[in-house]
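Per chain, numbering begins at 1; letters A, B, ... match sequence-line order.
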Number of protein chains: 2
Amino acid sequence: MSTPPSAPRRATITDVAREAGTGKTSISRYLNGEMSVMSPELRARIEAAIARLNYQPNQMARGLKRGRNRLIGMLLADLTNPYTVEVLQGVEAACHALGLMPLICHAANEVEMERRYLQLLTTYRVEGVIVNALGVSEETLRPVGGSGIPAVLVDRQVDGLIADMVGLDNRAAAELGVRHLMDQGFDDIWFVVQPFAQVSSRQLRHTAFLDAIGRYGGALRVERDSHGERANPGPRGAARGHTLVLDLADAGETARSLAELDRAIDSAAADSGSSPPAHRRIALFAANAPVALCVALHLKSRYGADWQTRAALVSIDDPDWAELTGITTIRQPTYEIGYRAVEFLHERIEGVQATARDCLLPGELIVRASTSR
Amino acid sequence: MSTPPSAPRRATITDVAREAGTGKTSISRYLNGEMSVMSPELRARIEAAIARLNYQPNQMARGLKRGRNRLIGMLLADLTNPYTVEVLQGVEAACHALGLMPLICHAANEVEMERRYLQLLTTYRVEGVIVNALGVSEETLRPVGGSGIPAVLVDRQVDGLIADMVGLDNRAAAELGVRHLMDQGFDDIWFVVQPFAQVSSRQLRHTAFLDAIGRYGGALRVERDSHGERANPGPRGAARGHTLVLDLADAGETARSLAELDRAIDSAAADSGSSPPAHRRIALFAANAPVALCVALHLKSRYGADWQTRAALVSIDDPDWAELTGITTIRQPTYEIGYRAVEFLHERIEGVQATARDCLLPGELIVRASTSR
DNA sequence: CTGTTAGCGCATTCAA
DNA sequence: TTGAATGCGCTAACAG
């Protein structure tokens with residue numbers, strides 16, 4: 001039977017050599033830009049042969065031979081988060097500029113996926129990995145970092161994994177948010193965050209929030225989690241800080257937490273009306289966009305379209321619906337985070353041996369109607 | 001100088017063979033699951049050696065040898081569009097199930113990027129490509145499709161490129177939207193869409209919109225673009241259809257188009273008040289989420305938070321802010337689109353020779369406050 | 001059942 | 001200035 005013309009075998013370097021009437025070595029030299037020492041005549045013949053055969057060198061083979069394939073892994077915890085997509089843009093731009101090709105792996109919030117992808121990446125012999133990991137411990141990240149292949153972390157640290165990190169300056173960002181809210185006269189601020197035991201950036205944001213409240217607000221007491229205690233009203237001009245943990249992965253938990261939030265909002269509204277609006281508003285400080293969205297959706301379903309008269313919302317991250325909804329945000333320098341991450345990684349790949357570096361980039365406060373009275 | 005312990009060269013198949021005191025062939029057999037004919041004793045030794053050396057086979061080398069590397073390319077026009085991310089989820093799941101590894105390439109709406117990535121993909125010898133292309137002609141897609149490497153299109157066709165396609169049933173979707181709007185009593189419907197000369201799905205949606213208006217509404221005339229003509233009011237119970245082209249890539253054009261929209265809204269409101277609400281509302285039918293967002297942002301800035309009292313909005317695509325805003329949407333079966341695309345591609349890679357197939361999946365209408373009075 | 005041999009497509013010595 | 005030979009890590013005949 002005749003083979004259908006489906007697979008007109010791709011030309012190899014040997015084909016080109018034959019076509020150009022020369023040896024493979026010269027072709028290889030040409031491909032690698034070692035033109036300096038090559039007769040213009042030969043060079044022309046090679047050029048022609050390559051064009052005629054529509055030859056394209058096989059990256060796999062090149063990689064196998066020289067030991068580096070210009071591939072880097074990009075492990076993403078959650079592409080659903082606009083933050084991730086934006087970081088990716090920076091990553092792609094940088095890769096492009098540095099001649100790298102990113103292998104994008106989306107763990108979709110599944111630890112098992114993360115493990116598998118990591119393994120796959122090493123199997124493809126990527127030269128390095130950029131990790132925006134789930135909150136898992138080093139255990140699954142064994143192959144990378146320190147003694148393994150070069151790695152740089154994005155947004156969060158991973159316990160026991162020593163590597164460069166680039167992300168938001170969480171401390172400054174939290175302060176920015178708290179200060180803004182206090183400037184706007186809010187004295188009851190709820191920090192809403194996903195479970196942060198495993199994710200360093202969440203922890204940092206939370207800690208910084210507490211510190212800021214302490215510093216600027218002279219908070220008296222802060223309640224953690226849903227232990228049900230209410231903080232005592234602070235002295236005039238002080239602010240009270242609260243923390244609400246929202247476990248988006250657990251519907252039941254989420255509902256419970258939101259119910260607690262409702263109580264806080266209602267009781268604030270019930271407080272004697274020393275403030276102009278119909279009800280006194282509390283302020284909500286979301287640690288990231290997914291949390292902000294969850295809260296906003298809930299409040300809207302509970303209080304209707306004008307839920308923002310019940311609570312002010314500010315969020316770290318600036319998703320596209322923020323402008324539409326009018327919530328205040330702290331925008332992360334996402335593109336630059338991605339770009340820098342690749343630059344760091346590239347340096348490591350090239351052999352730079354400095355001790356682990358941290359690159360903390362500042363966020364930008366974007367004030368919208370939500371917090372301006 | 002001594003090499004720092006940075007790169008403890010990865011074990012190769014040869015190392016394992018030596019460690020296990022056997023030949024490479026047996027190791028290879030083990031790796032490929034050909035255990036049936038292998039003494040349990042040898043097998044155990046191999047297992048141990050692999051574990052001891054923490055050996056992981058090099059995919060590049062395997063690919064080079066067998067001629068297939070299990071890599072497929074995924075060319076994405078715009079990751080910023082939630083649609084894309086959702087499709088990607090399906091793609092990843094399917095790849096996972098079929099033992100494929102997707103190389104994700106994000107063209108970020110740049111034709112040049114698209115070209116470069118395509119070239120890069122062939123250079124890495126991907127076995128196939130899933131293309132969600134920009135509106136470019138086959139020219140840049142030369143290497144794929146028909147005579148090149150297997151390809152399947154997502155969401156849109158590409159002129160001159162014959163390949164399997166999977167996407168939304170645009171005709172049914174447009175009808176769903178129009179019918180719903182008419183059921184709700186809207187008689188003035190504006191279809192808002194990005195320039196559709198190059199993108200088949202936009203064209204299809206538009207055509208289907210016009211047809212639906214014609215069929216159900218008995219439209220009298222339809223205006224195209226910004227020629228400034230107003231359609232005559234139709235007979236009682238009929239609906240008028242209009243088309244507004246929004247070029248999101250051109251701020252000036254966008255502003256002009258939106259101004260036209262404003263005029264339409266204002267003049268509708270000025271019409272004698274035969275309808276209950278303060279102003280008569282026209283309906284906007286966005287061809288996709290980016291368009292819907294742009295329109296919503298504009299209306300909000302022009303009419304304030306209650307812009308929805310001026311215009312009803314329904315959109316194809318169901319971004320996460322739709323629920324928050326309360327606009328009606330037609331949700332695409334994105335996950336399945338991605339999944340099916342990979343299945344098609346896999347079949348092609350395995351040699352299936354059927355003529356180009358089209359897989360049209362139905363959308364789902366999600367009614368929200370925007371269109372329910 | 002198991003080991004030997006010969007490449008996959010390319011980069012790199014080393015001669016010529 | 002150019003080419004022939006060698007081998008990257010692995011699989012696939014082909015013997016034993």
Side-chain angles (χ1 to χ4, degrees), chain A residues 7-47 49-50 53-71 99 120 122-127 149, chain B residues 7-47 49-50 53-71 99 122-127:
Chain A
R9 204 181 52 66
R10 287 201 138 290
T12 78
I13 200 173
T14 309
D15 299 326
V16 179
R18 193 183 330 102
E19 178 82 11
T22 177
K24 315 199 291 185
T25 312
S26 296
I27 311 298
S28 177
R29 290 213 180 90
Y30 176 88
L31 293 178
N32 293 297
E34 299 166 24
M35 320 284 205
S36 51
V37 287
M38 182 180 299
S39 67
E41 192 268 337
L42 209 209
R43 178 180 164 160
R45 262 159 51 215
I46 294 182
E47 229 148 35
I50 287 183
L53 297 176
N54 187 237
Y55 169 70
Q56 297 189 251
N58 183 327
Q59 289 297 341
M60 297 305 173
R62 307 183 101 179
L64 184 57
K65 186 70 207 160
R66 24 165 88 155
R68 44 175 16 198
N69 52 22
R70 312 283 59 196
L71 254 29
L120 209 55
T122 72
T123 249
Y124 276 101
R125 295 297 187 271
V126 294
E127 297 181 37
I149 66 182
Chain B
R9 203 179 54 65
R10 289 200 138 291
T12 77
I13 201 175
T14 309
D15 299 327
V16 180
R18 192 183 331 103
E19 178 82 11
T22 177
K24 315 198 294 184
T25 310
S26 295
I27 311 299
S28 178
R29 290 214 179 88
Y30 176 88
L31 293 178
N32 293 298
E34 299 166 26
M35 321 283 207
S36 51
V37 286
M38 183 182 298
S39 68
E41 191 267 337
L42 209 210
R43 177 181 164 156
R45 263 162 46 216
I46 293 181
E47 229 148 32
I50 286 183
L53 268 39
N54 186 237
Y55 169 71
Q56 297 188 252
N58 182 329
Q59 288 298 343
M60 295 305 174
R62 303 182 107 180
L64 184 59
K65 183 68 201 156
R66 26 164 83 155
R68 42 174 19 199
N69 53 20
R70 312 282 61 198
L71 253 30
T122 71
T123 250
Y124 275 101
R125 296 295 187 271
V126 294
E127 298 181 37

- Query: Is any side-chain N or O of A:K65 under 3.5 Å from a base N or O of D:dG7, one able to act as donor and the other as acceptor?
  - Reply: yes
- Query: Taking all atoms of both residues into account, what is the closest heavy-atom pair of B:I13 and B:S28, and its distance?
  - Reply: CD1-N, 3.9 Å
- Applying side chain to side chain contact (heavy atoms under 4.5 Å, CB included), run through A:N69 and A:Q59 and close with a yes or a no. CA-CA 7 Å; A:N69 52 22; A:Q59 289 297 341; over 6 Å; no
- Between C:dG9 (C1') and A:Q56 (CD): distance, integer Å: 14 Å
- D:dC10 P sits how many Å from A:N69 CG, rounded? 14 Å
- Rounded to whole Å, CG of A:N58 lies from P of C:dC10 at a distance of 6 Å
- Task: Can you measure from CD (B:E19) to CD1 (B:I46) and round to the nearest 0.5 angstrom?
- Result: 12.0 Å
- Message: Expressed as a whole number of angstroms, how long is the span from B:R45:CZ to C:dT2:P?
- Response: 8 Å
- Nearest-nucleotide check on DNA chain C, B:L42 vs A:P57; residue mapping nearer the 5' end is B:L42
- Over how many whole Å does the gap from A:K24 atom NZ to C:dG7 atom P extend? 12 Å
- Message: Does B:T25 reach a base, just sugar-phosphate, or nothing at all? Heavy atoms under 4.0 Å.
- Response: base
- Separation of C:dT2 atom P from B:R43 atom CZ, nearest Å, is 12 Å
- Query: So, for B:M38 and B:Y30, which heavy atoms are closest and what is the spacing to 0.1 Å?
  - Reply: CE-N, 3.9 Å
- Of C:dG3, D:dC10, D:dC8, the nucleotide closest to the side chain of B:T12 is D:dC10
- Item | Minimum-distance pair of heavy atoms, taken over all atoms of B:R70 and A:Y124 | CB-OH, 4.0 Å
- Query: Would you call B:L71 and A:M60 a side-chain contact if the rule is heavy atoms closer than 4.5 Å?
  - Reply: yes
- Note on the structure: Taking D:dG9, C:dG9, C:dG3 as options, the one with an atom nearest any side-chain atom of B:A61 is D:dG9
- Note: B:R125 and A:Q56 closest approach over all heavy atoms is NH2-O, 2.7 Å
- Kindly point out which of D:dG9, D:dC10, C:dC10 is positioned nearest to the side chain of B:Y55? D:dC10
- Message: If the cut-off is 4.0 Å, is A:R62 near the phosphate of C:dC10, judged by side-chain N/O to OP1 or OP2?
- Response: no
- Message: With a 4.0 Å cutoff (strictly under), does any side-chain N or O of A:S26 reach OP1 or OP2 of D:dG3?
- Response: yes
- Query: In whole angstroms, how far is the C1' atom of D:dC8 from the CG atom of B:D15?
  - Reply: 13 Å
- Query: Closer to the 5' end of DNA chain D via nearest nucleotide, is it A:M38 or A:R125?
  - Reply: A:M38
- Message: Quick check on contacts: within residues 27-34 of chain A, what sits under 4.0 Å from DNA chain C by heavy-atom distance?
- Response: A:S28, A:N32
- Interatomic distance, A:M35 CE vs D:dT1 P [rounded to whole Å]: 15 Å
